[in-house]
Q: 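Right, I'll just put the structure down here and ask away after.
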2 protein chains.
Amino acid sequence: MAERSSERVRIADVAREAGVSKASVSFAFNRPERLSPETVARIHAVAERLGYRPHPVARMLSAGSTATIGILSPQALGTVLANPFFALFAEGVASVAEERGFGLLLISPHHGSLERALARATVDGIVALGLDERHPEVGAIRRTGLPVVLVDAPAWPEHGAVRVDDEGGARAAAEHLLGLGHRSFLVIAVEPPTFGDPRAESVAGARLRGYRSALTGAGIDLPDSAVRIAPATIAGGEDAFLRAWREGSRPTAVLCMSDAAAAGVLQAARSLHLHVPDDLSVVGYDDLPLTRLTDPPLTTVHQPVRRKGEVAARILLAALGTPAGPEAGRHEVLETRLAVRRSTAAAPGGRRMEVIASA
Amino acid sequence: MAERSSERVRIADVAREAGVSKASVSFAFNRPERLSPETVARIHAVAERLGYRPHPVARMLSAGSTATIGILSPQALGTVLANPFFALFAEGVASVAEERGFGLLLISPHHGSLERALARATVDGIVALGLDERHPEVGAIRRTGLPVVLVDAPAWPEHGAVRVDDEGGARAAAEHLLGLGHRSFLVIAVEPPTFGDPRAESVAGARLRGYRSALTGAGIDLPDSAVRIAPATIAGGEDAFLRAWREGSRPTAVLCMSDAAAAGVLQAARSLHLHVPDDLSVVGYDDLPLTRLTDPPLTTVHQPVRRKGEVAARILLAALGTPAGPEAGRHEVLETRLAVRRSTAAAPGGRRMEVIASA
DNA sequence: AGCGTCCGCTGAACCGGTTTACGGAAGGAC
DNA sequence: GTCCTTCCGTAAACCGGTTCAGCGGACGCT
């Protein structure tokens, strides 16, 4: 880099060439009213001729701020970007950051370590998505002293947080199916549902609690065997449903904690010659754009993903402006609601359909 | 920020507390072999107790590099992230950056100006996606002196570039439809097709050239009125097709330059009670994951989007390592191929279907 | 003429690290 | 006992900007 930096035109070069001090060059760009118009013009002319561009890192250092916020993901970017949920969320964060003149850095584990990644992250604050409280490096993150807004994760008292009413949304989904006469359910969960701890704050835990509370209210028990954990991908949902089916599970309704998994269930159902929604009802979660592409369009629990990103960014930026301001530690819970489309219908009547199982 | 920086533990604080010089503290972290083990241990202990974390910006400044690369998008992130194509591409870039220990900054116009955005971007190099040669700020970008890899855009001789065989892919799509007996086509193009200039290097221009060369080879003329420009979104494709239909266009096959638009055409067709593929064949472009969700699954031109991102990142990182290395200015063209699924079929026979037009 | 103000500009400190050049002490060779 | 290394550690320069305090000259006022 010695080479590149020797090529680079520095402020001192401009100053020398224009016959002024470094300070004047700086003022010419940042506070031209402090200089005479002629001097400003001359400095600008020289700078232009030399192709001078202030070094952004040096500027950051003396400014004491980076004008950049980070989106922190505990998973590798190489995988998380594939998730349409993440892209949509990032879209929300980005739109607010952009509007307020902030840059956006994507932060993911550096050789497996979030701490290392944080050590090199030049940001003023962080939006952390889905950071599990038991993540081994939360301590390191808190110690950075950077303002953080937690999204879809257990809140830290001193920091902002945004989540949605996961439990309510899940309950609404289950109640919708109960209302259609379903009595036999399969749940396709996402990662850590923390069965043991009913107070768990993880997204999966809250959703499961929502499903259960509705079902229990209707006198239906949801055994652990009816809860399958699968990655939130099409393939994940497909595999999980096929496996459950193969093991003899014959639900009339499937509650999925992600739209991607629900889309996978749709495909699995097709391969089993099950007709959705006549033979099988399927509900997703998140309401991503892909729910309108599936056949049939997916009934799902809507959550304002993009807005979640916007709100998180807004809280973070507020905290940056006034670290002790009223917004700084705000905890916001956004609403969820059921979006009924065409993947759900009345439970198949008493008569059981003849079905060709694939295996 | 004065407040935050006064809280922050600096290297000088650690040095004072440990009774050593700043240099020793620095060595303790970066080159511990230069100090005695006891001193290193003592410094580490003090640093730990005080919660010292080296300031990443200061480190960057003296290191002369940022260990970060940027993805530059001429459009606002708030819109571009919504595009699954972008997310997939970014995934490729990110995976390579991650593996090589580089951070990822998203760069988009700052209050409308790419130049301003670049001025604040702390990156060592840039992957520029879809940067039109006529963009008013290309000059500014070149002048930054940063290494750039151009993707899906006219190449600059001194910089790396990656693109795909857009023309060949388009030709294959058109030939596939010709082979199925289609004679009447509609093209849904994306942004600037640069009709005028057949040598235009824009993606849309190349794809259009591909379509035309196949059709001309079969003696079919594609009038400009059969080329509709629409945003690469579901709604964009839907609207464009509906409008064309309303204006009397009755193609048997639609060539779309994006999968999203193709998915929109599928929906439009459904609303017009056209059956795909029996009444209408539809071909997309890009082969995004969503092509497997549509009903029917979409025949499309595959391009290795993720790999495109990987290759771009690799060329860029190579250029960073050795600015004049053999990789630095590499221009790579990746392959495309047709992925035939179920949205294309033989053209409806001589007998024209009875169709209920919606308007 | 003497004094106070304001204007335009500058020197130097500062942001927070890294790195180079060097000095003192300890150890080994002769 | 002297000289040469080696080992530890430090002072100071450096990265490239921003900004504060202050200085000299021009101008206006009395």
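Numbers restart at 1 for each chain; the letters A, B, ... are given by sequence-line order, proteins then strands. The structure displayed is predicted, hence computed values, not measured ones.
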Q: Which residue pairs pass the side chain to side chain donor-acceptor pair (under 3.5 Å) test when at least one of the two sits in residues 87-98 of chain B, sequence neighbours left out?
A: Ser108(A)-Glu98(B), Glu91(B)-Arg306(B)
Q: Looking across every strand, which nucleic acid part, if any, lies under 4.0 Å from Leu61(A) by heavy atom: base, sugar-phosphate, or nothing?
A: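 It contacts base atoms.
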Q: Would you mind reading off the distance between Asp13(A) atom CG and dG16(D) atom P, rounded to a whole angstrom?
A: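 One finds 9 Å between P of dG16(D) and CG of Asp13(A), rounded.
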Q: Could you state the NE2-C1' distance from His55(A) to dC15(D), rounded to the nearest angstrom?
A: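 These atoms are roughly 8 Å apart.
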Q: Considering residues at least two apart in sequence or located in another chain, which fulfil the side chain to side chain contact (heavy atoms under 4.5 Å, CB included) criterion with Arg16(A)?
A: Asp13(A)
Q: How many Å lie between CE on Met60(B) and C1' on dC15(C), as a whole number?
A: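 Atom-to-atom, Met60(B) to dC15(C), this comes out as 15 Å.
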Q: Side chains of Arg142(A) and Glu158(A): does their closest heavy-atom pair fall under 4.5 Å?
A: yes
Q: Under the salt bridge (Lys or Arg N to Asp or Glu O under 4.0 Å) rule, collect the residues that match up with Arg42(B), sequence neighbours excluded.
A: none
Q: Using OP1 and OP2 only, check whether a side-chain N or O of Ser36(B) sits under 4.0 Å from dG9(D).
A: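 Yes.
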Q: Under the salt bridge (Lys or Arg N to Asp or Glu O under 4.0 Å) test, which residues partner Arg143(B), sequence neighbours left out?
A: none
Q: Please determine if a side-chain N or O atom of Thr39(A) lies less than 4.0 Å away from the OP1 or OP2 oxygen of dG8(C).
A: no
Q: Over how many whole Å does the gap from Arg8(B) atom CZ to dG16(C) atom C1' extend?
A: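 Nearest whole value for this atom pair: 9 Å.
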Q: Filter on side chain to side chain donor-acceptor pair (under 3.5 Å), then keep only pairs touching residues 66-86 of chain B, sequence neighbours left out; what's left?
A: Thr66(B)-Asp124(B)
Q: With sequence neighbours excluded, what pairs up with Arg34(B) under the side chain to side chain donor-acceptor pair (under 3.5 Å) test?
A: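 For Arg34(B), no residue satisfies side chain to side chain donor-acceptor pair (under 3.5 Å) once neighbours in sequence are set aside.
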Q: Are there any protein N/O atoms within less than 3.5 Å of an N/O atom in nucleotides 18-26 of chain D, and if so, which ones and at what distance?
A:
unit_1  : atom_1 : unit_2   : atom_2 : d
dT18(D) : OP1    : Asn30(A) : ND2    : 2.9
dT18(D) : OP1    : Arg59(A) : NH1    : 3.4
dT18(D) : OP2    : Ser26(A) : OG     : 2.6
dT18(D) : OP2    : Asn30(A) : ND2    : 3.3
dT18(D) : O4'    : Ser62(A) : OG     : 3.1

Q: At what angle, to 10 degrees, do the two end axes of the helix from dA1(C)-dT30(D) to dC30(C)-dG1(D) meet, given five pairs define each axis?
A: 50°
Q: Could you pull out all residues at least two apart from Arg163(A) that satisfy salt bridge (Lys or Arg N to Asp or Glu O under 4.0 Å)?
A: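 Arg163(A): salt bridge (Lys or Arg N to Asp or Glu O under 4.0 Å) contacts with Asp166(A), Glu201(A).
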